[in-house]
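Only one structure is covered here, and it is reproduced in the block below.
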Amino acid sequence: MGDDLVGRARDLLRGAPVVDGHNDLPWAMRSHVRYDLDALDLAGDLSGVLHTDLDRLRAGGVGAQFWSVFVPSSLAGERAVVATLEQIDFVRGMIARYPDRLWAAFGAADMEVARAQGKIASLMGAEGGHSIGCSLGALRGLYALGVRYLTLTHNDNVPWADSATDTPKVNGLSRFGEEVVREMNRLGMLVDLSHVAETTMRAALAVTRAPVIFSHSSARALCDHPRNIPDDVLKSLSANGGVAMVTFVPQFVLPAATRWVVDADANMREHGFHPLDTGPAAIACQREFAAAHPRPVPTVADVADHVDHVREAAGVDHVGLGGDFDGIAFATAGLDDVSGYPNLIAELLDRGWSTTDLGKLTWHNAVRVLRDAQDVADELRRTETPSIATIDQLDGNA
């Protein structure tokens, strides 16, 4: 990619910086150093250790980041809720430690304030419904602490929603799952449909009164992975007002990488690691396997193909970006860490994307969906009270 195009991309990102839908830095910090920011200072150069540090975020033109307060679905019930609270505590502490670089954001207005001050708007998203322990009160508690989206599942089902990578149990959403979506709408918390089964996507879109997001998913038509979005769902985002945030995870971008990951995951299990483990020993195991079995590496152009496809299927007002950095062992070439966004924008400029449309992709679509969700919540709160329903009452176990 020519330096002139990358330079133009950097100029564009100064005015319309990237809103990234998903970064797993909090869990990576837990895995590496138990949240010790003295041991891994984000103000320093953490290349080779993490995908993310403050200087590389600036170099990448990132203006707003949804920090994932993910916990693995191997944690359940109260353990999952407590671990999620610890993740939130880390993010709040991180923002407080770097006040000259990060700005606590809870909605669209805060994002605009951060942009005006040249700081990175820091929002939070909880990845997996297990984080609420089947409690609408816990859901409201997460919202009160600043969580602005909930991914309905992670890789495993929750009792009220089916995951894309588990055996279906409730045909999408149970009655309690529908109530979770309605309560999220009332709060102003975005419904995130990355990780969920196709049936769950469609069920949530049928129930929601507010726009939804996919915080880190790509196009199923280009890479047939269950984590990606089918075309009919992409088309439905136009009427819903939602945003599909294209991810750079190699196995969701390139079919050959999908096949390689099946073998790499089996190797991880053989060595006693969960395939999603990003601790130092697990990463070393992954890299040793990759050295012996060279992996197919997607390129910036492959990711741009997904961005183009989402724009074609859903419309330019419904596409965004969600890198999933520090939640992956391997990255796409040219999008190796959070500094790589200008390379993608340069590729899209080369394909004829206008400055206006690129501004929608990077900033305006994500800001708008948060604003729209809050507008819906403001209306709903005038007529609806907090739901006190339980899963036992709604799903037949009372």
Side-chain angles (χ1 to χ4, degrees), residues 1 6 20-24 28 47-52 56 60 155 164-165 194-195 214-231 234 244-271 273-313 319 321-348 350-351:
M1 190 60 59
V6 175
D20 183 89
H22 194 88
N23 184 303
D24 277 303
S47 303
V49 181
L50 297 170
H51 293 131
T52 307
R56 283 183 289 165
N155 286 341
T165 47
S194 285
H195 278 288
F214 290 81
S215 64
H216 58 306
S217 296
S218 292
R220 183 83 61 90
L222 300 188
C223 185
D224 189 14
H225 191 288
R227 274 281 282 102
N228 285 339
I229 314 167
D231 273 2
L234 285 172
M245 307 178 92
V246 173
T247 194
F248 317 149
V249 181
Q251 64 265 36
F252 305 156
V253 172
L254 190 67
T258 305
R259 295 187 290 271
W260 183 90
V261 165
V262 172
D263 295 333
D265 286 354
N267 177 71
M268 288 284 278
R269 293 187 183 96
E270 288 171 7
H271 287 82
F273 297 108
H274 189 282
L276 294 179
D277 191 337
T278 56
I283 293 294
C285 181
Q286 285 274 35
R287 288 174 176 163
E288 183 178 347
F289 179 84
H293 306 85
R295 67 183 181 93
V297 180
T299 65
V300 170
D302 293 317
V303 173
D305 289 344
H306 284 264
V307 175
D308 278 338
H309 186 86
V310 172
R311 180 174 73 162
E312 180 180 350
V319 60
L321 302 173
D324 202 13
F325 287 117
D326 284 307
I328 53 177
F330 303 105
T332 289
L335 291 163
D336 305 277
D337 58 35
V338 295
S339 69
Y341 297 96
N343 296 329
L344 176 59
I345 303 309
E347 173 68 25
L348 295 171
D350 196 42
R351 295 181 181 206

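What you see is a predicted model, and the numbers here were worked out from it, not measured in a lab.
Among residue pairs with one or both ends in residues 290-309, those qualifying as side chain to side chain donor-acceptor pair (under 3.5 Å) are Asp231-His309, Thr299-Asp302, Asp305-Arg351, Asp308-Arg351, Asp308-Trp353; sequence neighbours excluded. Screening residues 248-262 for side chain to side chain donor-acceptor pair (under 3.5 Å) gives no qualifying pairs among residues at least two apart or on separate chains. Counting only residues at least two apart or in different chains, salt bridge (charged side-chain N to carboxylate O under 4.0 Å, His left out) contacts with residues 217-226 comprise Glu198-Arg220.
Side chain of Asn155 to backbone of Thr165: no donor-acceptor contact under 3.5 angstrom is found.
Listed by chain and number, the residues in a side chain to side chain donor-acceptor pair (under 3.5 Å) with Asn23 are Thr52 (sequence neighbours excluded). For Phe325, the ring-ring contact (aromatic ring centres under 6.0 Å, His included) partners at least two apart in sequence or on another chain are His51, Phe248. Residues that satisfy the side chain to side chain donor-acceptor pair (under 3.5 Å) test with Ser339, not counting sequence neighbours, are Asp337. For Asn267, the side chain to side chain contact (heavy atoms under 4.5 Å, CB included) partners are Glu270, His271, Cys285, Phe289, not counting sequence neighbours. Every residue two or more places apart in sequence or in another chain that forms a side chain to side chain contact (heavy atoms under 4.5 Å, CB included) with Ala28 is listed here: His32, Leu50, Asp326. Ser217 pairs by the side chain to side chain donor-acceptor pair (under 3.5 Å) definition with Ser194, Arg227, not counting sequence neighbours. Listed by chain and number, the residues in a ring-ring contact (aromatic ring centres under 6.0 Å, His included) with His22 are His216 (sequence neighbours excluded).
For the residue pair Gly323 and Asp20, the shortest heavy atom distance occurs at N-OD1, 2.7 Å. The minimum heavy-atom distance between Met245 and Ser215, with the atom names listed, is CB-O, 3.5 Å. Pairing each heavy atom of Ala244 with each of Ile229, the nearest pair is CB-CD1, 3.7 Å. Nearest heavy-atom pair, Ala219 versus Val310, reported as atom, atom and distance to 0.1 Å: CB-CG2, 4.4 Å. Contact between Pro296 and Ala256 at its shortest, heavy atoms only, is CG-O, 3.6 Å. Nearest heavy-atom pair, Leu335 versus Gly340, reported as atom, atom and distance to 0.1 Å: CD2-O, 3.4 Å.
Here the side chains of Pro298 and Thr332 are in contact, with some heavy-atom distance below 4.5 Å.
Note that CD1 of Ile328 is 7.0 Å distant from OG1 of Thr247, once rounded to the nearest 0.5 Å. Separating the CG atom in Asp336 from the CG atom in Asn343 is a distance of 8.5 Å, to the nearest 0.5 Å. Note that CD1 of Ile283 and CD of Glu288 are 13.5 Å apart. Values are rounded to the nearest 0.5 Å.
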Chi angles and distances behind the side chain to side chain contact (heavy atoms under 4.5 Å, CB included) call for Val253, Cys223: CA-CA 6 Å; Val253 172; Cys223 185; 5.9 Å; no

